[in-house]
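Worksheet: one structure, shown below.
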Amino acid sequence: MKRTIFFKLIFSATILQFSNSTWAQINPYQYSISKTAKGSNGAVSSAHPIASMVGLEILKKGGNAFDAAIATQLALAVVYPGAGNIGGGGFLVAYTEKKKSISIDYREKAPAASDRNMYLDKNGNPLMELSQNGHLASGVPGTIAGLFSSHQYAKLPFTTLIQPAIDLADKGFVITAAEARSLNGTKSAFIKYNSVLPVFVKETAWKEGDTLVQKELAATLSRIRDQGAKGFYEGETARLIVEEMKRGKGNISLDDLKNYSAVQRPAISFDYKGYQVIGMPMPSSGGLLMQQMMKMIEDKNIAAMGFHSPSAVQLMIEVERRAYADRAEFMGDQDFVKVPVKTLSSKSYLKKRMEDFIPGKATPSDIIKPGNVNPESEETTHLSVADEFGNVVSVTTTLNGGYGSKTVVAGAGFLLNNEMDDFSVKPGVPNMFGAVGKEANAIAPGKRMLSSMTPTVVVKNKKPYLVVGTPGGTTIPTSVFQTLVNIIEFNQSPLDAVNNPKFHHQWLPDQVAVEQDFSPSLQQSLSNMGYSFQKRGQIGRTEVIKIEWQGKKIKQMDAVADKRGDDHAAAY
Ligand code: GLY
């Protein structure tokens with residue numbers, strides 16, 4: 001499945017030769033979008049064709065999946081400014097050729113000057129505008145620290161991995177129709193939330209085929225190439241971030257930046273019918289929600305119910321409802337609060353959780369309280385990578401909303417996140433994804449805000465089998481859940497598993513969000529059971545790689561990019 005777009009060339013018909021002259025030729029002025037790719041040596045699936053191609057070139061050049069994931073993320077920070085980033089944060093989940101599970105947390109942190117009531121007025125009313133837009137919405141960025149942390153598993157020098165991004169920023173690339181629409185739609189916000197107008201704002205409307213050049217971003221990336229993580233967290237870049245904060249009443253300080261570090265944490269790992277599912281632990285709710293949802297359906301023979309049968313969808317909605325009720329009550333940054341992970345994921349707890357499930361009848365959310373637990377000791381982006389050695393890397397990274405806080409660091413050319421909105425600004429007050437939270441996810445200096453990002457790896461017979469993830473705020477875990485169930489239980493191809501209509505329930509609000517192409521007759525059957533619905537434009541942009549093995553050798557990698565965006569799969 002290949003869609004080719006020939007862009008009008010604006011100023012150069014020559015293929016971009018990356019500074020490192022051995023680069024194969026990636027033409028950022030003319031490229032096509034491919035939704036599937038097969039190979040046995042390496043595969044990358046990401047939100048943008050140029051970024052996937054950069055990752056694939058790194059694999060061809062001898063890099064492993066970690067090298068390719070780093071280069072792809074950096075390229076996304078240039079070619080997909082709505083979510084690719086160096087001013088945000090993310091999570092990496094990997095399974096290595098040595099059979100080791102890895103998770104790296106580079107989630108943003110609340111600045112030291114934050115406090116739990118910082119988004120409340122004097123009467124205690126929430127000020128969501130401040131948590132969602134502009135300078136005060138930003139947490140301390142983690143992406144660059146995360147890339148350097150993951151580099152310990154890579155093979156090529158960091159300077160090689162960052163150079164494509166520098167060249168793309170410096171020489172420019174042509175934008176797609178979707179990117180043009182998105183930049184035009186955000187123009188007034190860019191004007192409102194920046195004291196110095198960024199390159200994303202121009203007099204006339206953006207159109208498909210226009211070239212986007214980001215010289216200041218190229219200079220920032222060059223400082224990171226030359227000085228390492230200090231090129232971001234100290235010196236000129238840090239000075240520019242803090243100056244930007246002062247101009248817009250933000251609160252990230254030089255010390256916040258200097259003190260930031262990424263953390264390697266034990267990954268979540270659980271068995272589902274013989275498959276090992278590996279996911280992200282707190283401060284992402286993603287891994288634990290996956291474990292809860294998968295384990296709540298495990299004994300129900302969902303395959304026999306049939307794909308998108310009313311009974312299968314109802315079961316999935318009800319497990320989603322119960323898992324998200326627990327998210328709201330218990331989940332947050334474990335460095336700050338006790339999250340009862342052991343109980344929430346235990347067989348007995350999850351069995352009890354399903355005791356009030358009635359097939360054929362909706363359980364109203366107001367009677368589903370968070371479970372009894374005794375104390376015990378829309379915009380994000382995903383990339384999936386696999387290499388010939390048997391390493392797989394699953395990365396989800398985010399600015400939170402599209403273009404994050406909409407504030408670009410003047411002189412440094414990159415967007416800052418609006419991740420502070422992922423905290424619970426006040427108990428029970430919904431954030432931009434409608435998610436509610438309590439004490440566990442209250443703001444505290446240095447704390448990481450709860451996430452839904454769900455980079456996931458599935459291992460079969462001790463060999464990587466699936467690499468999966470998606471953007472989508474709180475819909476992320478339920479999209480990954482459906483993708484895994486579609487492949488493992490309903491025997492679907494990765495392409496069908498990704499592109500089939502999605503649904504989502506998150507306890508509150510008590511309604512099922514469905515995509516436009518969700519079957520009307522299925523919706524009617526579920527309405528008859530007592531469910532109410534909300535139509536959504538699209539849910540997620542899932543990237544999957546499925547790996548088939550022949551003994552110890554990879555037979556085929558099947559890379560799939562979601563139909564819902566410019567997402568592109570590459571393999572060789
Ligand atoms: N900002 C979306 C998430 O982390 O879940």
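Values below: every heavy atom of this structure, side chains too, minus hydrogens, waters and symmetry copies. It should be emphasised that the depicted structure is a prediction, and the values quoted were computed from it without experimental measurement. For ligands, and for the atoms within them, numbers begin at 1 and follow the listed sequence.
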R107 neighbourhood, listing ligand 1 atoms whose heavy-atom distance to it stays under 4.0 Å
4 (O)
Before accepting this row, confirm whether a basic side-chain N of the pair D562/R564 lies closer than 4.0 Å to the acidic partner's carboxylate O.
yes
Starting from atom 5 (O) of ligand 1, find the nearest protein heavy-atom neighbour and note its residue, name and distance.
S452 N, 2.7 Å
At under 4.0 Å between heavy atoms, which part of M449 makes contact with ligand 1: side chain, backbone, both or neither?
neither
Between T475 and H504, do the side chains contain a donor N or O and an acceptor N or O under 3.5 Å apart?
no
Which atoms form the tightest heavy-atom contact between N391 and T96, and what is the distance?
OD1-CA, 3.3 Å
Specify whether F158 and F148 have parallel, tilted or perpendicular ring planes, treating 30° as the upper limit for parallel and 60° as the lower limit for perpendicular.
parallel
Does I476 approach ligand 1 within less than 4.0 angstrom via side chain, backbone, both or neither, non-hydrogen atoms only?
neither
In terms of relative ring orientation, are F232 and F414 parallel, tilted or perpendicular, with 30° and 60° separating the classes?
tilted
Does the side chain of S131 pick up a donor-acceptor pair with the side chain of D421 at under 3.5 Å?
yes
To the nearest 0.1 Å, how far is atom 4 (O) of ligand 1 from its closest protein heavy atom, and which atom is that?
S451 OG, 2.7 Å
What are the atoms of ligand 1, with element, lying closer than 4.0 Å to any heavy atom of T398?
1 (N)
Specify side chain, backbone, both or neither for M432, according to which of its non-hydrogen atoms lie closer than 4.0 Å to ligand 1.
neither
Just jot down the ligand 1 atoms closer than 4.0 angstrom to any heavy atom of D422, in number order.
1 (N), 2 (C), 3 (C), 4 (O), 5 (O)
